[in-house]
J.: 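Take a look at this one; I'll ask things after.
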Amino acid sequence: MAKKEFTGEVSIVAKLTFCIEADSKEEAIRKLFDANCPISLVDDDDNPVCEIIEQEWHMVDEARQGNVQEPDLVDFSIEEE
């Protein structure tokens, strides 16, 4: 029996902790917000689960407050080590 094909969309909320090298805080912020972040969905054996047709994402500099707030969504912060 042939497998059926399903389409849809899903939102992902992620929090990334990072360490970045730069000559200044401004450069570090620019490098971070200009970065690419390819996303793929894989199974336990690292095989692709599906073809991702379109990706739309952005980094958050300030999390929304109130009833719309998502867990793991925080305001952007950066500190010099």
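Owing to the predicted nature of the structure, the values given are computational and were not obtained by experimental measurement.
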J.: Out of E26, K31, K25, which one pairs with I29 under the side chain to side chain contact (heavy atoms under 4.5 Å, CB included) rule?
T.: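 Among the candidates, only K25 passes.
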J.: Calculate, to the nearest 0.5 Å, the distance between atoms CD and CD1 belonging to E81 and I20 respectively.
T.: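 One gets 12.5 Å once the value is rounded to the nearest 0.5 Å.
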J.: Under 4.5 Å between side-chain heavy atoms, counting indirect links through other Ile/Leu/Val/Met/Phe/Trp/Tyr residues: same cluster for F33 and W57 or not?
T.: yes
J.: Write down the atom of V49, the atom of V42, and the distance for their closest heavy-atom approach.
T.: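 Smallest interatomic distance, heavy atoms only, reads CG2-C, 3.5 Å.
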J.: Can you give me the closest heavy-atom contact between L41 and C50, atom names plus distance?
T.: CD1-SG, 3.7 Å
J.: What do you reckon, is CD of Q55 surrounded by more than 12 foreign heavy atoms closer than 6.0 Å?
T.: yes
J.: Counting distance only, does the side-chain N/O of D43 pair as donor-acceptor with the main-chain N or O of D45 below 3.5 Å?
T.: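 Flag set: sc D43 to bb D45 pair under 3.5 Å.
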J.: When the ring planes of F18 and F76 are compared, do they come out parallel, tilted or perpendicular, using 30° and 60° as the limits?
T.: parallel
J.: If you compare all heavy atoms of I78 against all heavy atoms of A28, which two are closest, and at what distance to 0.1 Å?
T.: CD1-CB, 3.7 Å
